[in-house]
Student: 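Please find one structure pasted underneath; my questions will follow.
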There are 2 protein chains.
Amino acid sequence: MFGGIEAGGTKFVCGIGTGPEDLETTQFPTTTPDETIAQVIGFFKKHAGGKLKSIGIGSFGPVDLHPDSPAFGHITNTPKEAWKNFDLRGAVLKALDVPVEFETDVDVAALAEARWGGARGVSDFIYMTIGTGVGGAAMVNNRLVHGLVHTEMGHLRLPHDRREDPFDGCCPFHGDCLEGLACGPAMKARWGKPALELPPDHPAWALEANYLALALANLTFALSPRRFLLGGGVMQQPHLFQLLREKFARVLNGYVRHGDILDRLDEYIVPPQLGGRAGVLGAIALAGTTSRDENA
Amino acid sequence: MFGGIEAGGTKFVCGIGTGPEDLETTQFPTTTPDETIAQVIGFFKKHAGGKLKSIGIGSFGPVDLHPDSPAFGHITNTPKEAWKNFDLRGAVLKALDVPVEFETDVDVAALAEARWGGARGVSDFIYMTIGTGVGGAAMVNNRLVHGLVHTEMGHLRLPHDRREDPFDGCCPFHGDCLEGLACGPAMKARWGKPALELPPDHPAWALEANYLALALANLTFALSPRRFLLGGGVMQQPHLFQLLREKFARVLNGYVRHGDILDRLDEYIVPPQLGGRAGVLGAIALAGTTSRDENA
């Protein structure tokens with residue numbers, strides 16, 4: 001039995017199980033570290049006392065992912081003051097005394113989609129969420145990309161034609177990066193109402209598809225993935241997927257000559273399959289890697 | 001003893017050896033496939049007849065890198081008509097009857113820098129050349145990134161302020177992508193003379209550094225590399241490296257909080273170390289992977 005913690009900026013989801021079939025979860029709002037961690041510990045002690053083999057955490061970030069770093073498992077540079085430099089992994093480890101694996105929230109969601117969802121059998125793919133923020137994870141040769149820190153796909157810099165779209169962008173660091181131009185709050189700031197209230201024929205969607213297409217093109221040029229999974233609040237509109245595929249083809253302009261891109265974009269740019277459970281399932285999958293590594 | 005072939009669009013370099021210490025090379029211009037391959041075969045038969053364990057090829061592209069594809073080892077969609085769909089690997093394999101490994105030209109140069117050059121011991125890095133064209137290779141978790149096809153970093157889409165730089169870009173596919181804005185021919189078209197003739201205080205260099213900084217920022221967001229190696233004709237100017245580091249820091253704006261980026265950019269964005277020999281050395285390194293795989 002594994003434990004999983006999806007540590008989000010708004011809510012924490014805790015789960016116990018081995019996969020989608022037997023997963024049991026609970027969730028509570030993210031408040032202070034002390035209070036939130038006490039609830040996490042309480043849940044696992046009550047429902048799995050002594051039975052957990054290991055725990056996986058998928059955390060909001062930025063985080064330190066390097067096991068040899070003194071800050072491994074810490075949330076680092078977050079605007080949430082109370083969580084800045086908080087040793088999330090250490091707090092769980094100390095209270096529950098089982099192995100604790102640690103990843104970003106998008107990384108574990110990608111792990112879950114790779115194991116049980118829309119990326120089964122796909123060695124190289126990109127998972128993105130476009131919602132309040134924009135984040136992404138990349139799998140390359142069946143392994144997550146970490147590198148120096150971790151990816152920050154929400155901050156890709158894109159062409160921005162200010163005659164067509166005079167909105168300055170809302171990213172406090174970069175202004176008109178991908179997140180600054182295309183996240184949910186950017187849509188709301190630009191059009192005066194939430195994305196969900198904009199009808200499918202509103203020009204907001206063509207503009208949104210344009211920025212997402214440019215971002216996906218850049219990720220294709222940088223990583224050549226075999227599939228894109230796109231989730232998050234903004235993507236809950238089937239018409240946006242079709243618009244995005246058309247714009248993506250137009251941006252690439254036939255340059256990348258592979259049937260999956262030239263002829264089968266409806267299987268290349270797709271929604272994830274695990275919905276709201278991807279995070280906590282991915283944390284469970286991550287917990288399972290501890291024992292898998294021992295057997296490797 | 002290994003054989004290496006750097007198959008470039010302008011010239012072919014063939015080498016025999018095991019590394020930088022004992023490498024012997026020859027080179028000739030790229031003409032027709034028949035004529036060029038005859039010279040390649042002649043070189044290896046004359047200088048290494050019967051002694052070669054395997055051959056590595058690093059080829060100009062686009063190419064098919066997937067061993068299970070019918071077009072594996074072919075040059076595919078090149079504007080060089082005579083080479084379009086040419087089975088480069090097959091031609092070498094048929095004539096010399098030893099194992100033949102196949103990669104892109106930038107991928108093998110990255111392999112060489114990883115083994116003998118500026119990326120020794122670096123698990124995740126990006127190697128780019130900025131010259132007549134712009135190309136790049138990425139190493140992630142010590143393995144080259146291939147994915148669906150291969151990376152095409154020269155075609156990243158970037159912010160392009162036409163008030164500051166009205167040049168339309170020269171990429172026949174995308175106009176003002178990275179290559180279209182920042183390759184050697186783009187500099188020449190924009191300023192009326194070759195990059196090499198522009199003095200260090202010419203505004204061309206600040207603009208060039210700006211585009212390269214945006215591209216490196218996008219690659220940092222997509223891949224989080226531990227180092228960038230930048231070569232090619234345009235990068236043969238020490239002052240450009242310094243300008244680029246300054247602009248890169250300004251584009252990231254403190255968002256990626258790691259000492260290597262915040263404090264040590266002079267070790268993070270660097271020239272490669274193997275110069276003109278990186279391609280053929282990488283082909284030799286690639287040839288060596290055949291026997292290494294057997295032992296794995």
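Bear in mind that the values here come from a model prediction, so they are computed numbers and not experimental data. Every chain is numbered from 1, with letters handed out A, B, ... down the list of sequences. Reckoned from all heavy atoms, side chains included, excluding hydrogens, waters and symmetry mates.
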Student: Do the side chains of A:P159 and B:R157 get nearer than 4.5 Å, heavy atoms only?
Tutor: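 The answer is yes, as the side chains (C-beta and beyond) meet within the 4.5 Å cut-off.
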
Student: Give the member of B:V251, B:L214, B:L178 that has the highest number of heavy-atom pairs under 4.5 Å with chain A.
Tutor: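 Greatest number of close heavy-atom pairs with chain A: B:V251.
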
Student: At a heavy-atom separation under 4.5 Å, does B:L156 approach chain A through its side chain, its backbone, both, or neither?
Tutor: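 When you check distances to chain A, atoms from both the backbone and side chain of B:L156 fall under 4.5 Å.
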
Student: Would you check if B:D260 and A:L148 make a side-chain contact, meaning some heavy-atom pair closer than 4.5 Å?
Tutor: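 Yes, at least one pair of side-chain atoms sits under 4.5 Å.
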
Student: Just list the side-chain donor-acceptor pairs under 3.5 Å for residues 205-213 of chain A, sequence neighbours left out, or say none.
Tutor:
from	atom 1	to	atom 2	distance (Å)
A:W205	NE1	A:L198	O	3.2
A:W205	NE1	A:P199	O	3.1
A:Y211	OH	A:D165	OD2	2.5

Student: Assess whether ring pair (Phe, Tyr, Trp, His ring centres under 6.0 Å) is satisfied between B:F221 and A:H150, documenting all intermediate values.
Tutor: CA-CA 8 Å; B:F221 295 139; A:H150 47 68; over 10 Å; no

Student: Side chain, backbone, both or neither: which part of B:P225 has a heavy atom under 4.5 Å from chain A?
Tutor: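 When you check distances to chain A, only backbone atoms of B:P225 fall under 4.5 Å.
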
Student: For chain A, which candidate among B:I261, B:D176, B:D161, B:V145 shows the most heavy-atom pairs at distances under 4.5 Å?
Tutor: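 Max contact count across the listed options: B:V145.
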
Student: Just give me the residue among A:N253, A:L158, A:N218 that pairs up with chain B most often, heavy atom to heavy atom, under 4.5 Å.
Tutor: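 The residue among A:N253, A:L158, A:N218 with the greatest pair count is A:N218.
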
Student: In terms of heavy-atom pairs under 4.5 Å with chain B, which of A:D64, A:D124, A:L219 leads?
Tutor: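 Max contact count across the listed options: A:D124.
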
Student: Looking at B:M153, B:M139, B:R143, which one has more heavy-atom pairs under 4.5 Å with chain A than the rest?
Tutor: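 Heavy-atom pair counts peak at B:R143.
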
Student: To the nearest 0.5 Å, what is the distance between OG1 (A:T220) and CD (B:E152)?
Tutor: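 Going from OG1 on A:T220 over to CD on B:E152, the span is 11.0 Å.
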
Student: Heavy-atom pairs under 4.5 Å with chain B: which of A:R162, A:H174, A:R257, A:H155 has the most?
Tutor: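 Going by pairs under 4.5 Å, I would pick A:H155.
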
Student: Which atoms of B:V149 are under 4.5 Å from chain A, going by heavy atoms: the side chain, the backbone, both sets, or neither?
Tutor: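 For B:V149, backbone and side chain are both near chain A.
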
Student: Which bit of A:L144 is near chain B, if near means a heavy-atom gap under 4.5 Å: side chain, backbone, both or neither?
Tutor: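 The backbone, not the side chain.
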
Student: Would you mind telling me which of B:C177, B:P62, B:A222 has the largest number of heavy-atom pairs within less than 4.5 Å of chain A?
Tutor: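 Top count of heavy-atom pairs under 4.5 Å with chain A: B:A222.
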
Student: For chain B, which of A:F173, A:Y255, A:F125 has the most heavy-atom pairs under 4.5 Å?
Tutor: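 So the answer, after comparing A:F173, A:Y255, A:F125, is A:Y255.
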
Student: Sort A:L223 into side chain, backbone, both or neither according to what part of it lies under 4.5 angstrom from a heavy atom of chain B.
Tutor: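 Answer is both: backbone and side chain atoms of A:L223 are under 4.5 Å from chain B.
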
Student: Minimum heavy-atom separation for B:S224 to A:T151, with atom names?
Tutor: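 Nearest heavy atoms, B:S224 then A:T151: CB-N, 4.2 Å.
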
Student: Quick one: what part of B:L252 sits under 4.5 Å from any heavy atom of chain A, side chain, backbone, both or neither?
Tutor: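 When you check distances to chain A, only backbone atoms of B:L252 fall under 4.5 Å.
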
Student: Side chain, backbone, both or neither: which part of B:V122 has a heavy atom under 4.5 Å from chain A?
Tutor: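 No part of it gets close to chain A.
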
Student: Can you tell which of B:V140, B:V256, B:N77, B:N141 has the highest number of heavy-atom pairs within less than 4.5 Å of chain A?
Tutor: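 So the answer, after comparing B:V140, B:V256, B:N77, B:N141, is B:N141.
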
Student: Look at B:H160, B:H146, B:R227 and state which one has the largest set of heavy-atom pairs under 4.5 Å with chain A.
Tutor: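 Among B:H160, B:H146, B:R227, the one with the most close pairs to chain A is B:H146.
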
Student: Who are the side-chain contact (heavy atoms from CB on, under 4.5 Å) partners of A:S123, not counting sequence neighbours?
Tutor: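 A:S123 satisfies side-chain contact (heavy atoms from CB on, under 4.5 Å) with A:N142, A:R226 only.
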
